[in-house]
There are 2 protein chains.
Amino acid sequence: MNLIDKNLLLDQNQEDRAQSIRDSLRDAIIDRRLGPGSKLAEAEVGGLFDVSRTVVRSALQMLAYEGLVRIERNRGAFVSNPTPEEARQVFDTRRLIEPGIVRAATVRISKADIDDLRDHLTLEDRFMNERGPAARRAEIKASGDFHLKIARHSGNAILEKFMDELVARSSLVIALYGRTGVSRCGHSEHRDLLDAMERGDADRACDLMLHHIDHIEADLDLREVAAMTLKDALAT
Amino acid sequence: MNLIDKNLLLDQNQEDRAQSIRDSLRDAIIDRRLGPGSKLAEAEVGGLFDVSRTVVRSALQMLAYEGLVRIERNRGAFVSNPTPEEARQVFDTRRLIEPGIVRAATVRISKADIDDLRDHLTLEDRFMNERGPAARRAEIKASGDFHLKIARHSGNAILEKFMDELVARSSLVIALYGRTGVSRCGHSEHRDLLDAMERGDADRACDLMLHHIDHIEADLDLREVAAMTLKDALAT
DNA sequence: TTGTATATTATTGTATGCAATATCTTCTGC
DNA sequence: GCAGAAGATATTGCATACAATAATATACAA
């Protein structure tokens with residue numbers, strides 16, 4: 001378990017260490033370096049980050065609140081293992097929320113922000129063309145970040161927080177049920193979406209977003225419940 | 001500060017005390033027994049509930065995560081004091097989410113559940129006809145619970161959690177910016193909404209929900225920013 | 001060998017102690 | 001009388017100690 005970013009910890013000198021541990025763990029989870037079911041023992045994590053269990057506990061509780069970690073009393077914290085049903089709920093919720101976010105962002109976004117998003121797209125392209133698992137992880141991360149950046153332009157901090165949670169849960173779900181890792185059409189869809197936003201065509205942008213979410217979900221295999229629970233049992 | 005529900009604490013024997021403290025505090029906040037800006041000192045709360053600061057801290061962190069409490073480093077936890085802008089974001093988000101919830105609930109809800117909601121409406125009526133601040137508090141609480149019950153029938157646990165947070169934040173906002181306390185037309189609107197759901201008329205139910213949210217927000221006075229920050233400064 | 005009971009170990013839940021920070025009080029100089 | 005500084009007090013942040021619970025290993029009997 002080599003998931004520490006000591007720089008990051010020393011950087012923000014003394015400013016809420018629990019939060020930075022939460023961020024590191026979160027990255028590790030959505031990057032799949034920590035797979036679903038992994039145990040997160042307080043002492044072990046504390047040792048890695050060189051803090052007491054108190055602060056680790058705080059970080060784990062945050063992750064539990066956003067659904068990335070499941071805490072069982074007297075047993076400890078584990079990376080969540082969402083069921084297919086929970087997976088569907090994640091995407092149902094995204095279908096409900098993201099069109100509204102895109103609509104708000106389309107109205108408010110500036111030219112400079114559009115350019116920033118275009119830069120992000122080229123980054124996604126780069127990862128897409130690279131080989132290897134590290135590139136795959138980076139690709140998934142960047143894909144999620146695209147959605148988060150749009151949410152950040154919605155001008156609504158609550159929606160932004162909700163999207164943080166939904167994107168993180170999505171990554172977990174994709175890690176579990178993804179077929180190809182990440183949908184190949186995803187990036188062109190991002191580009192089309194951004195084009196529509198730049199034109200100020202909110203209706204079109206909403207439509208594209210809905211289809212995009214459909215495509216992500218369609219790339220999952222949410223059937224075999226039984227096989228999954230078995231795998232779960234063995235994975236512990 | 002007499003907000004303890006010892007029964008409730010003893011009831012659930014040993015099963016996560018932090019959570020039950022969070023619930024008690026949350027009720028106290030949305031009931032306005034703890035007004036915006038109130039300080040929640042760890043030692044004081046711990047004394048009231050007869051637990052150590054450790055577990056109080058955990059409860060406060062949960063409340064901070066759902067936005068009911070603001071934690072300032074080395075200063076402590078305070079009941080949130082949402083700005084008018086944040087208030088608008090709460091209702092914008094509800095307008096985005098609740099129609100989807102109502103639509104899902106309309107499809108899934110059973111006759112028995114409809115009856116349960118009707119019982120809830122008579123409860124709301126009773127509080128509405130009573131006098132005094134206690135009845136007012138109960139009225140606001142019951143009004144929020146109506147929305148939560150509908151969310152519980154959406155079949156989507158994530159949306160349910162989001163609504164928990166949004167309803168709690170709404171109560172806080174109404175406490176701060178409400179004119180008449182609770183909108184007088186609210187209850188007939190609840191009834192109309194439920195009627196539409198019973199008929200299976202999802203479109204109509206969504207429409208009613210949107211207007212209902214508009215009415216709640218219209219009953220607020222979200223203008224005077226300056227006056228509010230002054231009051232805030234004095235309230236400390 | 002397998003199943004059960006018991007003892008051992010490991011891990012979490014909670015309380016408490018100490019250091020760091022903020023807040024309040026008092027005092028001094030103007 | 002008031003502003004500002006210095007000290008006293010209170011409160012939080014974090015680490016640690018101990019108790020409670022679960023997990024594991026061992027021993028024994030069928």
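To find a chain, count down the sequence lines: A is the first, B the second, and so on, and within it residues start at 1.
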Nucleotide [N], atom [atom2] - distance to [atom1] of [X] in whole Å:
X        : N       : atom1 : atom2 : answer
Phe78(A) : dA22(D) : CZ    : C1'   : 11 Å
Leu60(A) : dT11(C) : CG    : P     : 14 Å
Ile71(A) : dT11(C) : CD1   : P     : 17 Å
Glu72(B) : dA20(C) : CD    : C1'   : 17 Å
Asn74(B) : dT21(C) : CG    : P     : 7 Å
Ile21(A) : dC14(D) : CD1   : C1'   : 12 Å
Arg73(B) : dA20(C) : CZ    : P     : 13 Å
Arg75(A) : dA23(D) : CZ    : C1'   : 9 Å

Exercise. Using a cut-off of less than 4.0 Å, is there contact between a side-chain N or O of Lys39(A) and OP1 or OP2 of dT12(C)?
Worked result: yes
Exercise. Do any side-chain nitrogens or oxygens of Arg17(B) fall under 4.0 Å of OP1 or OP2 in dA15(C)?
Worked result: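 Yes, because at least one side-chain N or O of Arg17(B) sits under 4.0 Å from OP1 or OP2 of dA15(C).
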Nucleotide N/O to protein N/O under 3.5 Å, stretch nucleotides 16-19 of chain C:
residue: dT16(C); atom: O4; partner: Thr54(B); partner atom: OG1; Å: 3.4
residue: dG17(C); atom: O6; partner: Arg53(B); partner atom: NH2; Å: 3.3

Exercise. Which residues satisfy the salt bridge (charged side-chain N to carboxylate O under 4.0 Å, His left out) test with Asp113(B), sequence neighbours excluded?
Worked result: none
side-chain contact (heavy atoms from CB on, under 4.5 Å) partners of [X], counting only residues at least two apart:
X         : result
Asp116(B) : Lys149(B)
Thr54(A)  : Ser52(A)
Ala138(B) : Phe127(B)
Ala59(A)  : Ile21(A), Arg22(A)

Exercise. Do His147(B) and His190(B) have ring centroids that are under 6.0 Å from one another?
Worked result: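 Yes, they do, as the ring centres are separated by less than 6.0 Å.
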Seminar exercise, completed: In Glu86(A), Glu66(A), Glu165(A), the residue satisfying salt bridge (charged side-chain N to carboxylate O under 4.0 Å, His left out) with Lys161(B) is Glu165(A)
Problem set entry | Per Glu42(A) side chain, nearest of listed nucleotides dT12(D), dA15(D), dT12(C) |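 Closest nucleotide to the Glu42(A) side chain: dT12(C).
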